[in-house]
Peer 1: 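Encoded as C-alpha coordinates, here's the structure I'll be asking about.
In what follows, chains are A, B, ... by sequence order, proteins preceding strands, each numbered from 1.
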2 protein chains.
Amino acid sequence: MKVGVLSKNDNEEIHNKIIVQITELINLKNLEPGDKLPSERMLSEKLEVSRSAVREAINKLEFYGILKSIPQSGTFVADIGVTAMNGMIDYILGLEDPDFKSLVETRILLELKIVKLASLRRTDEDLVNIKAALDAFEEKVLNGENAVQEDLLFHLAIANTCGNSTLNGFMLKITPEIITNFKKYHVCGDELSVVAIQEHKAIYEAIKNQETQKARQIMKVHFKTLYQYCYNIE
Amino acid sequence: MKVGVLSKNDNEEIHNKIIVQITELINLKNLEPGDKLPSERMLSEKLEVSRSAVREAINKLEFYGILKSIPQSGTFVADIGVTAMNGMIDYILGLEDPDFKSLVETRILLELKIVKLASLRRTDEDLVNIKAALDAFEEKVLNGENAVQEDLLFHLAIANTCGNSTLNGFMLKITPEIITNFKKYHVCGDELSVVAIQEHKAIYEAIKNQETQKARQIMKVHFKTLYQYCYNIE
DNA sequence: TTTCATAAATTGGTTTACCAGATTAGAAGT
DNA sequence: ACTTCTAATCTGGTAAACCAATTTATGAAA
(Lines give C-alpha, C1' and ligand atoms only; values in the text may rest on other atoms or scores of the structure.)
Protein backbone atom coordinates (compact mmCIF):
# COMPACT_ATOMS: atom_id res chain seq x y z
CA MET A 1 0.00 0.00 0.00
CA LYS A 2 1.20 3.41 -0.89
CA VAL A 3 1.00 6.07 1.71
CA GLY A 4 2.19 9.62 2.12
CA VAL A 5 4.59 11.19 4.54
CA LEU A 6 1.66 12.00 6.76
CA SER A 7 0.98 8.29 6.96
CA LYS A 8 -1.97 7.54 9.20
CA ASN A 9 -4.23 4.68 8.31
CA ASP A 10 -5.78 2.87 5.39
CA ASN A 11 -8.33 5.60 4.86
CA GLU A 12 -5.54 7.40 3.07
CA GLU A 13 -6.85 5.84 -0.11
CA ILE A 14 -10.07 7.84 -0.01
CA HIS A 15 -8.19 11.00 0.97
CA ASN A 16 -6.09 10.61 -2.14
CA LYS A 17 -9.19 10.12 -4.23
CA ILE A 18 -10.64 13.33 -2.85
CA ILE A 19 -7.37 15.13 -3.49
CA VAL A 20 -7.51 14.06 -7.11
CA GLN A 21 -11.08 15.27 -7.43
CA ILE A 22 -10.28 18.62 -5.85
CA THR A 23 -7.37 18.99 -8.23
CA GLU A 24 -9.55 18.18 -11.21
CA LEU A 25 -12.03 20.76 -10.04
CA ILE A 26 -9.34 23.43 -9.80
CA ASN A 27 -8.22 22.63 -13.33
CA LEU A 28 -11.78 22.50 -14.63
CA LYS A 29 -12.59 25.90 -13.18
CA ASN A 30 -9.24 27.28 -14.34
CA LEU A 31 -8.51 28.54 -10.84
CA GLU A 32 -5.35 30.62 -10.66
CA PRO A 33 -3.08 31.19 -7.66
CA GLY A 34 -4.93 33.25 -5.10
CA ASP A 35 -8.36 32.16 -6.30
CA LYS A 36 -10.86 30.77 -3.84
CA LEU A 37 -11.98 27.17 -3.87
CA PRO A 38 -15.61 26.24 -3.42
CA SER A 39 -16.44 26.07 0.26
CA GLU A 40 -15.90 22.86 2.17
CA ARG A 41 -19.65 22.35 2.29
CA MET A 42 -19.97 22.65 -1.47
CA LEU A 43 -17.08 20.31 -2.04
CA SER A 44 -18.42 17.68 0.33
CA GLU A 45 -21.77 17.88 -1.43
CA LYS A 46 -20.33 17.82 -4.94
CA LEU A 47 -17.90 15.00 -4.21
CA GLU A 48 -20.50 13.17 -2.13
CA VAL A 49 -18.22 12.74 0.87
CA SER A 50 -18.36 14.12 4.38
CA ARG A 51 -17.05 17.55 5.14
CA SER A 52 -14.45 16.11 7.48
CA ALA A 53 -13.05 14.01 4.66
CA VAL A 54 -12.79 17.13 2.54
CA ARG A 55 -11.08 18.92 5.40
CA GLU A 56 -8.49 16.18 5.79
CA ALA A 57 -7.72 16.26 2.09
CA ILE A 58 -7.36 20.03 2.23
CA ASN A 59 -5.12 19.70 5.28
CA LYS A 60 -2.76 17.44 3.41
CA LEU A 61 -2.63 19.78 0.44
CA GLU A 62 -2.02 22.62 2.85
CA PHE A 63 0.84 20.71 4.46
CA TYR A 64 2.48 20.49 1.07
CA GLY A 65 1.95 24.19 0.45
CA ILE A 66 -0.57 23.76 -2.36
CA LEU A 67 -3.62 25.22 -0.65
CA LYS A 68 -4.06 27.78 2.09
CA SER A 69 -7.06 27.97 4.38
CA ILE A 70 -7.97 31.29 5.93
CA PRO A 71 -10.36 31.07 8.90
CA GLN A 72 -13.58 32.84 8.13
CA SER A 73 -12.82 33.46 4.52
CA GLY A 74 -12.12 30.38 2.45
CA THR A 75 -9.53 28.02 1.03
CA PHE A 76 -7.24 29.44 -1.62
CA VAL A 77 -4.89 28.12 -4.26
CA ALA A 78 -1.36 28.94 -3.08
CA ASP A 79 0.63 31.11 -5.41
CA ILE A 80 2.89 28.38 -6.71
CA GLY A 81 0.96 28.08 -9.96
CA VAL A 82 -1.26 25.36 -11.36
CA THR A 83 1.48 23.66 -13.33
CA ALA A 84 3.58 23.13 -10.22
CA MET A 85 0.46 22.10 -8.33
CA ASN A 86 -0.53 19.41 -10.81
CA GLY A 87 2.98 18.05 -11.00
CA MET A 88 3.43 18.01 -7.27
CA ILE A 89 0.15 16.27 -6.58
CA ASP A 90 1.12 13.41 -8.86
CA TYR A 91 4.33 12.95 -6.93
CA ILE A 92 2.63 13.35 -3.55
CA LEU A 93 0.09 10.66 -4.35
CA GLY A 94 2.87 8.37 -5.49
CA LEU A 95 4.92 8.80 -2.33
CA GLU A 96 5.76 5.54 -0.65
CA ASP A 97 6.40 4.86 3.00
CA PRO A 98 10.08 5.30 3.78
CA ASP A 99 12.03 2.10 4.20
CA PHE A 100 14.93 1.73 6.58
CA LYS A 101 17.52 2.23 3.87
CA SER A 102 15.95 5.52 2.82
CA LEU A 103 15.92 6.70 6.39
CA VAL A 104 19.55 5.84 7.11
CA GLU A 105 20.74 7.18 3.78
CA THR A 106 18.94 10.43 4.47
CA ARG A 107 20.07 10.63 8.07
CA ILE A 108 23.73 10.35 7.14
CA LEU A 109 23.35 13.00 4.47
CA LEU A 110 21.61 15.39 6.84
CA GLU A 111 23.95 14.87 9.75
CA LEU A 112 27.16 15.33 7.78
CA LYS A 113 25.84 18.73 6.76
CA ILE A 114 24.37 19.52 10.16
CA VAL A 115 27.59 18.87 12.05
CA LYS A 116 29.42 21.24 9.72
CA LEU A 117 26.87 23.98 10.21
CA ALA A 118 26.73 23.36 13.94
CA SER A 119 30.47 23.75 14.29
CA LEU A 120 30.23 27.07 12.49
CA ARG A 121 27.17 28.47 14.19
CA ARG A 122 27.07 26.97 17.68
CA THR A 123 26.71 29.36 20.60
CA ASP A 124 28.05 28.77 24.09
CA GLU A 125 24.56 27.88 25.21
CA ASP A 126 24.36 25.26 22.48
CA LEU A 127 27.54 23.68 23.78
CA VAL A 128 25.98 23.27 27.22
CA ASN A 129 23.03 21.42 25.70
CA ILE A 130 25.18 19.15 23.60
CA LYS A 131 27.44 18.42 26.54
CA ALA A 132 24.45 17.47 28.68
CA ALA A 133 23.25 15.04 26.02
CA LEU A 134 26.76 13.67 25.74
CA ASP A 135 27.03 13.08 29.47
CA ALA A 136 23.63 11.40 29.62
CA PHE A 137 24.69 9.03 26.86
CA GLU A 138 27.99 8.21 28.52
CA GLU A 139 26.38 7.51 31.88
CA LYS A 140 23.83 5.17 30.37
CA VAL A 141 26.44 3.24 28.42
CA LEU A 142 28.85 2.91 31.36
CA ASN A 143 25.94 1.55 33.38
CA GLY A 144 25.63 -1.16 30.80
CA GLU A 145 22.18 -0.01 29.76
CA ASN A 146 20.84 0.38 26.26
CA ALA A 147 21.43 3.98 25.24
CA VAL A 148 19.79 4.24 21.83
CA GLN A 149 17.61 7.12 22.94
CA GLU A 150 20.45 9.08 24.50
CA ASP A 151 22.52 8.41 21.41
CA LEU A 152 19.95 9.99 19.14
CA LEU A 153 19.24 12.84 21.55
CA PHE A 154 22.90 13.75 21.28
CA HIS A 155 22.52 13.95 17.53
CA LEU A 156 19.30 15.94 17.85
CA ALA A 157 21.07 18.36 20.18
CA ILE A 158 23.56 19.01 17.42
CA ALA A 159 20.79 19.39 14.84
CA ASN A 160 19.16 21.93 17.11
CA THR A 161 22.25 24.12 16.97
CA CYS A 162 22.86 24.02 13.24
CA GLY A 163 20.87 27.18 12.62
CA ASN A 164 18.79 25.59 9.89
CA SER A 165 15.23 24.92 10.98
CA THR A 166 14.46 22.90 7.86
CA LEU A 167 17.27 20.44 8.51
CA ASN A 168 16.39 20.39 12.19
CA GLY A 169 12.77 19.64 11.44
CA PHE A 170 13.70 16.86 9.03
CA MET A 171 15.93 15.27 11.66
CA LEU A 172 13.06 15.34 14.14
CA LYS A 173 10.80 13.75 11.57
CA ILE A 174 13.02 10.77 10.83
CA THR A 175 14.45 10.12 14.31
CA PRO A 176 11.54 8.09 15.73
CA GLU A 177 11.39 5.97 12.60
CA ILE A 178 15.12 5.40 12.89
CA ILE A 179 14.74 4.28 16.50
CA THR A 180 11.93 1.85 15.80
CA ASN A 181 13.82 0.40 12.85
CA PHE A 182 16.89 0.02 15.05
CA LYS A 183 14.82 -2.09 17.41
CA LYS A 184 13.12 -3.94 14.58
CA TYR A 185 16.36 -4.99 12.92
CA HIS A 186 18.33 -5.18 16.18
CA VAL A 187 20.83 -2.48 15.23
CA CYS A 188 20.91 -1.33 18.81
CA GLY A 189 24.64 -1.95 18.85
CA ASP A 190 25.23 -2.19 22.58
CA GLU A 191 28.72 -3.51 21.94
CA LEU A 192 29.66 -0.45 19.91
CA SER A 193 28.47 2.06 22.45
CA VAL A 194 31.78 2.35 24.28
CA VAL A 195 33.50 3.28 21.05
CA ALA A 196 30.61 5.61 20.33
CA ILE A 197 31.31 7.52 23.53
CA GLN A 198 34.75 8.45 22.32
CA GLU A 199 33.41 9.44 18.93
CA HIS A 200 30.69 11.55 20.49
CA LYS A 201 33.24 13.28 22.68
CA ALA A 202 35.44 13.94 19.68
CA ILE A 203 32.50 15.38 17.76
CA TYR A 204 31.62 17.60 20.69
CA GLU A 205 35.18 18.86 20.96
CA ALA A 206 35.35 19.58 17.25
CA ILE A 207 32.10 21.55 17.40
CA LYS A 208 33.33 23.37 20.49
CA ASN A 209 36.58 24.30 18.76
CA GLN A 210 34.74 25.06 15.55
CA GLU A 211 36.89 22.62 13.61
CA THR A 212 34.40 22.22 10.80
CA GLN A 213 36.09 19.65 8.61
CA LYS A 214 37.25 17.61 11.56
CA ALA A 215 33.73 17.50 12.98
CA ARG A 216 32.44 16.22 9.68
CA GLN A 217 35.20 13.68 9.39
CA ILE A 218 34.55 12.17 12.82
CA MET A 219 30.85 12.07 12.15
CA LYS A 220 31.59 10.18 8.96
CA VAL A 221 33.63 7.62 10.86
CA HIS A 222 30.89 7.47 13.47
CA PHE A 223 28.43 6.47 10.75
CA LYS A 224 30.69 3.91 9.11
CA THR A 225 29.11 0.89 10.76
CA LEU A 226 25.60 2.15 10.17
CA TYR A 227 26.45 2.95 6.57
CA GLN A 228 27.70 -0.53 5.88
CA TYR A 229 24.71 -2.04 7.60
CA CYS A 230 22.42 0.12 5.53
CA TYR A 231 23.91 -1.00 2.23
CA ASN A 232 23.97 -4.65 3.22
CA ILE A 233 20.22 -4.82 3.83
CA GLU A 234 19.06 -4.57 0.26
CA MET B 1 5.91 33.65 16.52
CA LYS B 2 7.30 30.20 16.71
CA VAL B 3 5.58 27.57 14.73
CA GLY B 4 6.19 23.96 13.83
CA VAL B 5 6.71 22.25 10.52
CA LEU B 6 2.98 21.64 10.40
CA SER B 7 2.53 25.39 10.54
CA LYS B 8 -1.13 26.31 10.43
CA ASN B 9 -2.35 29.28 12.36
CA ASP B 10 -1.86 31.16 15.57
CA ASN B 11 -3.78 28.59 17.57
CA GLU B 12 -0.57 26.60 17.45
CA GLU B 13 0.25 28.20 20.79
CA ILE B 14 -2.55 26.38 22.58
CA HIS B 15 -1.72 23.14 20.77
CA ASN B 16 1.79 23.38 22.11
CA LYS B 17 0.48 24.04 25.60
CA ILE B 18 -1.67 20.92 25.38
CA ILE B 19 1.29 18.94 24.07
CA VAL B 20 3.31 20.00 27.10
CA GLN B 21 0.52 18.97 29.43
CA ILE B 22 0.09 15.61 27.77
CA THR B 23 3.82 15.06 28.04
CA GLU B 24 3.79 15.96 31.71
CA LEU B 25 0.96 13.53 32.25
CA ILE B 26 2.88 10.72 30.57
CA ASN B 27 5.86 11.43 32.79
CA LEU B 28 3.70 11.74 35.89
CA LYS B 29 2.04 8.41 35.28
CA ASN B 30 5.36 6.85 34.33
CA LEU B 31 3.92 5.57 31.09
CA GLU B 32 6.30 3.31 29.17
CA PRO B 33 6.40 2.64 25.43
CA GLY B 34 3.32 0.70 24.45
CA ASP B 35 1.28 1.98 27.38
CA LYS B 36 -2.09 3.51 26.77
CA LEU B 37 -2.83 7.17 27.34
CA PRO B 38 -6.01 8.31 29.03
CA SER B 39 -8.81 8.54 26.50
CA GLU B 40 -9.32 11.74 24.54
CA ARG B 41 -12.42 12.45 26.60
CA MET B 42 -10.53 12.12 29.88
CA LEU B 43 -7.73 14.31 28.58
CA SER B 44 -10.06 17.02 27.36
CA GLU B 45 -11.78 16.99 30.74
CA LYS B 46 -8.60 16.94 32.78
CA LEU B 47 -6.89 19.63 30.71
CA GLU B 48 -10.12 21.60 30.44
CA VAL B 49 -9.95 21.94 26.68
CA SER B 50 -12.16 20.63 23.92
CA ARG B 51 -11.69 17.12 22.65
CA SER B 52 -10.86 18.42 19.19
CA ALA B 53 -8.02 20.44 20.64
CA VAL B 54 -6.71 17.30 22.31
CA ARG B 55 -7.03 15.42 19.03
CA GLU B 56 -5.03 18.02 17.15
CA ALA B 57 -2.26 17.88 19.72
CA ILE B 58 -2.23 14.10 19.50
CA ASN B 59 -2.14 14.33 15.72
CA LYS B 60 0.97 16.45 15.84
CA LEU B 61 2.68 14.08 18.24
CA GLU B 62 1.65 11.23 16.00
CA PHE B 63 3.17 13.00 12.98
CA TYR B 64 6.46 13.11 14.81
CA GLY B 65 6.19 9.44 15.72
CA ILE B 66 5.78 9.99 19.45
CA LEU B 67 2.24 8.70 19.83
CA LYS B 68 0.19 6.18 17.91
CA SER B 69 -3.60 6.15 17.80
CA ILE B 70 -5.40 2.90 17.18
CA PRO B 71 -9.07 3.27 16.14
CA GLN B 72 -11.33 1.70 18.69
CA SER B 73 -8.62 1.01 21.17
CA GLY B 74 -6.72 4.02 22.39
CA THR B 75 -3.70 6.24 21.96
CA PHE B 76 -0.36 4.68 22.84
CA VAL B 77 3.13 5.84 23.59
CA ALA B 78 5.27 4.85 20.61
CA ASP B 79 8.12 2.55 21.42
CA ILE B 80 10.84 5.12 21.12
CA GLY B 81 11.11 5.49 24.90
CA VAL B 82 10.20 8.31 27.25
CA THR B 83 13.69 9.81 27.27
CA ALA B 84 13.65 10.26 23.51
CA MET B 85 10.09 11.50 23.73
CA ASN B 86 10.84 14.21 26.26
CA GLY B 87 13.90 15.36 24.39
CA MET B 88 12.13 15.42 21.06
CA ILE B 89 9.15 17.37 22.32
CA ASP B 90 11.41 20.13 23.59
CA TYR B 91 12.96 20.43 20.16
CA ILE B 92 9.63 20.18 18.37
CA LEU B 93 8.14 23.00 20.41
CA GLY B 94 11.21 25.10 19.73
CA LEU B 95 11.07 24.61 15.97
CA GLU B 96 10.99 27.84 14.05
CA ASP B 97 9.49 28.53 10.66
CA PRO B 98 12.07 27.90 7.96
CA ASP B 99 13.64 31.00 6.44
CA PHE B 100 14.70 31.26 2.82
CA LYS B 101 18.32 30.57 3.61
CA SER B 102 17.45 27.34 5.43
CA LEU B 103 15.34 26.25 2.51
CA VAL B 104 17.96 26.90 -0.14
CA GLU B 105 20.75 25.44 1.95
CA THR B 106 18.68 22.31 2.45
CA ARG B 107 17.57 22.10 -1.15
CA ILE B 108 21.12 22.17 -2.44
CA LEU B 109 22.17 19.48 0.02
CA LEU B 110 19.26 17.25 -0.92
CA GLU B 111 19.59 17.68 -4.65
CA LEU B 112 23.31 17.02 -4.82
CA LYS B 113 22.60 13.66 -3.19
CA ILE B 114 19.42 13.03 -5.15
CA VAL B 115 21.05 13.53 -8.52
CA LYS B 116 23.73 11.01 -7.61
CA LEU B 117 21.19 8.43 -6.52
CA ALA B 118 19.01 9.13 -9.54
CA SER B 119 21.86 8.53 -11.94
CA LEU B 120 22.49 5.18 -10.25
CA ARG B 121 18.93 4.00 -9.90
CA ARG B 122 16.96 5.59 -12.75
CA THR B 123 14.88 3.29 -14.93
CA ASP B 124 14.04 3.85 -18.58
CA GLU B 125 10.58 4.96 -17.52
CA ASP B 126 12.13 7.53 -15.21
CA LEU B 127 14.09 8.95 -18.11
CA VAL B 128 10.89 9.52 -20.06
CA ASN B 129 9.43 11.50 -17.18
CA ILE B 130 12.51 13.61 -16.69
CA LYS B 131 12.75 14.27 -20.41
CA ALA B 132 9.13 15.42 -20.50
CA ALA B 133 9.79 17.86 -17.66
CA LEU B 134 12.91 19.02 -19.44
CA ASP B 135 11.06 19.67 -22.70
CA ALA B 136 8.28 21.52 -20.92
CA PHE B 137 10.85 23.80 -19.29
CA GLU B 138 12.67 24.46 -22.53
CA GLU B 139 9.50 25.31 -24.41
CA LYS B 140 8.37 27.77 -21.75
CA VAL B 141 11.74 29.52 -21.66
CA LEU B 142 12.08 29.75 -25.43
CA ASN B 143 8.62 31.32 -25.48
CA GLY B 144 9.98 34.01 -23.21
CA GLU B 145 7.65 33.03 -20.39
CA ASN B 146 8.50 32.65 -16.72
CA ALA B 147 9.37 29.01 -16.17
CA VAL B 148 9.94 28.76 -12.43
CA GLN B 149 7.34 26.04 -12.06
CA GLU B 150 8.67 23.95 -14.92
CA ASP B 151 12.17 24.42 -13.57
CA LEU B 152 11.25 22.95 -10.20
CA LEU B 153 9.14 20.20 -11.74
CA PHE B 154 12.26 19.07 -13.59
CA HIS B 155 14.05 18.82 -10.28
CA LEU B 156 11.11 17.03 -8.69
CA ALA B 157 11.11 14.56 -11.56
CA ILE B 158 14.69 13.71 -10.67
CA ALA B 159 13.84 13.43 -6.98
CA ASN B 160 11.06 11.05 -7.89
CA THR B 161 13.56 8.68 -9.49
CA CYS B 162 16.17 8.68 -6.75
CA GLY B 163 14.73 5.60 -5.07
CA ASN B 164 14.63 7.28 -1.67
CA SER B 165 11.12 8.17 -0.56
CA THR B 166 12.37 10.17 2.41
CA LEU B 167 14.46 12.48 0.25
CA ASN B 168 11.66 12.64 -2.30
CA GLY B 169 9.15 13.59 0.37
CA PHE B 170 11.43 16.26 1.77
CA MET B 171 11.89 17.77 -1.67
CA LEU B 172 8.12 17.91 -2.10
CA LYS B 173 7.81 19.57 1.27
CA ILE B 174 10.22 22.43 0.56
CA THR B 175 9.45 23.06 -3.11
CA PRO B 176 6.38 25.28 -2.66
CA GLU B 177 8.15 27.33 -0.04
CA ILE B 178 11.08 27.71 -2.40
CA ILE B 179 8.79 28.92 -5.18
CA THR B 180 7.02 31.48 -3.03
CA ASN B 181 10.32 32.77 -1.72
CA PHE B 182 11.62 33.03 -5.27
CA LYS B 183 8.70 35.28 -6.08
CA LYS B 184 9.01 37.18 -2.83
CA TYR B 185 12.68 37.98 -3.32
CA HIS B 186 12.47 38.13 -7.11
CA VAL B 187 14.91 35.29 -7.71
CA CYS B 188 12.89 34.24 -10.69
CA GLY B 189 15.97 34.59 -12.84
CA ASP B 190 14.39 34.90 -16.24
CA GLU B 191 17.67 36.00 -17.70
CA LEU B 192 19.43 32.85 -16.53
CA SER B 193 16.85 30.44 -17.91
CA VAL B 194 18.52 30.01 -21.27
CA VAL B 195 21.70 28.92 -19.56
CA ALA B 196 19.60 26.73 -17.28
CA ILE B 197 18.25 24.85 -20.30
CA GLN B 198 21.73 23.71 -21.24
CA GLU B 199 22.47 22.73 -17.66
CA HIS B 200 19.23 20.80 -17.38
CA LYS B 201 20.01 18.98 -20.60
CA ALA B 202 23.47 18.12 -19.35
CA ILE B 203 22.05 16.82 -16.07
CA TYR B 204 19.55 14.72 -17.96
CA GLU B 205 22.25 13.25 -20.18
CA ALA B 206 24.43 12.44 -17.20
CA ILE B 207 21.57 10.67 -15.47
CA LYS B 208 20.74 8.85 -18.66
CA ASN B 209 24.33 7.70 -19.07
CA GLN B 210 24.59 6.99 -15.37
CA GLU B 211 27.59 9.27 -15.02
CA THR B 212 27.17 9.76 -11.30
CA GLN B 213 29.95 12.19 -10.51
CA LYS B 214 29.35 14.21 -13.62
CA ALA B 215 25.67 14.55 -12.81
CA ARG B 216 26.53 15.85 -9.37
CA GLN B 217 29.13 18.23 -10.76
CA ILE B 218 26.74 19.81 -13.22
CA MET B 219 24.07 20.12 -10.58
CA LYS B 220 26.58 21.92 -8.40
CA VAL B 221 27.33 24.39 -11.18
CA HIS B 222 23.62 24.73 -11.78
CA PHE B 223 23.19 25.82 -8.17
CA LYS B 224 26.12 28.19 -8.13
CA THR B 225 24.08 31.35 -8.65
CA LEU B 226 21.43 30.29 -6.16
CA TYR B 227 24.11 29.36 -3.66
CA GLN B 228 25.75 32.77 -3.84
CA TYR B 229 22.40 34.48 -3.60
CA CYS B 230 21.55 32.42 -0.55
CA TYR B 231 24.70 33.39 1.32
CA ASN B 232 24.38 37.05 0.40
CA ILE B 233 20.98 37.44 1.99
CA GLU B 234 21.98 37.23 5.60
C1' DT C 1 -11.07 -22.86 39.34
C1' DT C 2 -11.15 -22.37 34.53
C1' DT C 3 -13.35 -21.40 30.11
C1' DC C 4 -16.09 -19.30 27.14
C1' DA C 5 -20.11 -16.89 25.56
C1' DT C 6 -22.50 -12.60 26.12
C1' DA C 7 -23.49 -8.00 27.26
C1' DA C 8 -22.16 -3.62 28.99
C1' DA C 9 -18.81 0.01 28.82
C1' DT C 10 -15.04 2.32 26.49
C1' DT C 11 -12.50 3.82 22.55
C1' DG C 12 -11.04 6.72 18.39
C1' DG C 13 -13.42 8.17 14.34
C1' DT C 14 -17.24 10.50 12.03
C1' DT C 15 -21.18 13.10 11.33
C1' DT C 16 -24.00 16.93 12.66
C1' DA C 17 -25.00 21.38 14.76
C1' DC C 18 -23.33 25.58 16.08
C1' DC C 19 -20.09 29.72 16.36
C1' DA C 20 -17.74 34.05 15.47
C1' DG C 21 -15.50 36.50 12.10
C1' DA C 22 -15.48 37.85 7.19
C1' DT C 23 -17.82 38.88 3.07
C1' DT C 24 -21.38 40.48 0.25
C1' DA C 25 -25.80 42.73 -1.23
C1' DG C 26 -28.59 46.25 -1.04
C1' DA C 27 -30.75 50.19 0.63
C1' DA C 28 -30.24 54.82 2.30
C1' DG C 29 -27.99 59.24 2.13
C1' DT C 30 -25.42 62.52 -0.43
C1' DA D 1 -23.86 57.81 -9.80
C1' DC D 2 -21.16 57.09 -5.78
C1' DT D 3 -20.42 56.22 -0.76
C1' DT D 4 -21.62 54.45 3.43
C1' DC D 5 -23.81 51.79 6.54
C1' DT D 6 -26.32 47.75 7.86
C1' DA D 7 -28.02 43.22 7.80
C1' DA D 8 -28.17 38.90 5.74
C1' DT D 9 -25.20 35.35 4.13
C1' DC D 10 -21.19 32.59 3.75
C1' DT D 11 -16.83 30.94 5.60
C1' DG D 12 -13.54 27.77 8.18
C1' DG D 13 -13.24 26.37 12.88
C1' DT D 14 -15.11 24.13 16.98
C1' DA D 15 -18.10 21.78 20.08
C1' DA D 16 -21.44 18.15 20.73
C1' DA D 17 -23.82 13.97 19.38
C1' DC D 18 -23.42 9.68 17.30
C1' DC D 19 -21.19 5.30 15.45
C1' DA D 20 -18.95 0.96 14.96
C1' DA D 21 -15.20 -1.66 16.58
C1' DT D 22 -12.91 -3.03 20.58
C1' DT D 23 -12.18 -4.03 25.18
C1' DT D 24 -13.65 -5.25 29.61
C1' DA D 25 -16.94 -7.08 32.95
C1' DT D 26 -20.18 -10.65 34.00
C1' DG D 27 -21.76 -15.01 34.86
C1' DA D 28 -23.09 -19.50 33.43
C1' DA D 29 -21.18 -23.97 32.21
C1' DA D 30 -17.58 -27.31 32.71
Peer 1: Just to verify, what does A:E177 make a salt bridge (charged side-chain N to carboxylate O under 4.0 Å, His left out) with, not counting sequence neighbours?
Peer 2: none
Peer 1: Take atom CG of A:L43 and atom P of C:dT15, then tell me their distance rounded to the nearest Å.
Peer 2: 15 Å
Peer 1: Taking only N/O atoms, report every protein-nucleotides 18-22 of chain C pair under 3.5 Å with atom names and distance.
Peer 2:
{"residue": "C:dC18", "atom": "N4", "partner": "A:R41", "partner atom": "NH2", "Å": "3.2"}
{"residue": "C:dA22", "atom": "O4'", "partner": "A:Q72", "partner atom": "O", "Å": "3.3"}

Peer 1: List the atom of A:L95, the atom of B:S165, and the distance in Å for their closest heavy-atom pair.
Peer 2: CD2-O, 3.7 Å
Peer 1: Nearest-Å distance, CD1 (A:I58) to P (D:dG12)?
Peer 2: 7 Å
Peer 1: Rounded off to whole Å, could you give me the CD-to-C1' distance for the A:E56 and C:dG13 pair?
Peer 2: 9 Å
Peer 1: Taking NZ from A:K68 and P from D:dG12, how many angstroms apart are they, rounded to a whole number?
Peer 2: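 In whole Å, D:dG12 P and A:K68 NZ are 13 Å from each other.
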Peer 1: Residues two or more places apart in sequence or in another chain: which of them pass side chain to side chain contact (heavy atoms under 4.5 Å, CB included) with A:N129?
Peer 2: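 Partners of A:N129 under the side chain to side chain contact (heavy atoms under 4.5 Å, CB included) test: none.
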Peer 1: Between the side chains of B:E105 and A:R121, is the shortest nitrogen-to-carboxylate-oxygen separation below 4.0 Å, so that they form an ion pair?
Peer 2: yes
Peer 1: Can you tell me how far C1' of C:dG13 sits from CG of B:N59, to the nearest Å?
Peer 2: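 Rounding to the nearest Å, CG of B:N59 and C1' of C:dG13 are 11 Å apart.
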Peer 1: Could you tell me how far apart B:I22 (CD1) and C:dG12 (P) are, to the nearest whole angstrom?
Peer 2: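 Answer to the nearest Å: 11 Å.
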Peer 1: Excluding sequence neighbours, so at least two apart, what forms salt bridge (charged side-chain N to carboxylate O under 4.0 Å, His left out) with A:R41?
Peer 2: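 Listed in chain order: nothing, the list is empty.
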Peer 1: C:dT11 C1' sits how many Å from B:F76 CZ, rounded?
Peer 2: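 Going from CZ in B:F76 over to C1' in C:dT11 covers 9 Å.
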Peer 1: My understanding is that only residues two or more places apart in sequence, or in another chain, count here; which of them pass ring pair (Phe, Tyr, Trp, His ring centres under 6.0 Å) with A:F223?
Peer 2: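 A:H155.
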Peer 1: Does anything in residues 30-39 of chain B reach DNA chain D, meaning a heavy atom under 4.0 Å, and if so which residues?
Peer 2: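 None, since no heavy atom is under 4.0 Å.
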Peer 1: Sequence neighbours excluded and cut-off under 3.5 Å, please list the side-chain donor-acceptor pairs for residues 79-93 of chain A, or say none.
Peer 2:
{"residue": "A:N86", "atom": "OD1", "partner": "A:N27", "partner atom": "ND2", "Å": "2.8"}
{"residue": "A:N86", "atom": "ND2", "partner": "A:N27", "partner atom": "OD1", "Å": "3.0"}
{"residue": "A:N86", "atom": "ND2", "partner": "A:V82", "partner atom": "O", "Å": "3.0"}

Peer 1: Check side chain to side chain contact (heavy atoms under 4.5 Å, CB included) between B:S50 and all other residues, then give those that pass, not counting sequence neighbours.
Peer 2: B:S52, B:A53
Peer 1: Would you list the pairs meeting salt bridge (charged side-chain N to carboxylate O under 4.0 Å, His left out) in which at least one residue belongs to residues 148-158 of chain B, sequence neighbours left out?
Peer 2: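 Checked against salt bridge (charged side-chain N to carboxylate O under 4.0 Å, His left out) - neighbours excluded - the pairs reaching residues 148-158 of chain B are B:K140-B:E150.
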Peer 1: Rounded to whole Å, how long is the line connecting atom CE of B:M42 with atom P of C:dT11?
Peer 2: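 These atoms are roughly 7 Å apart.
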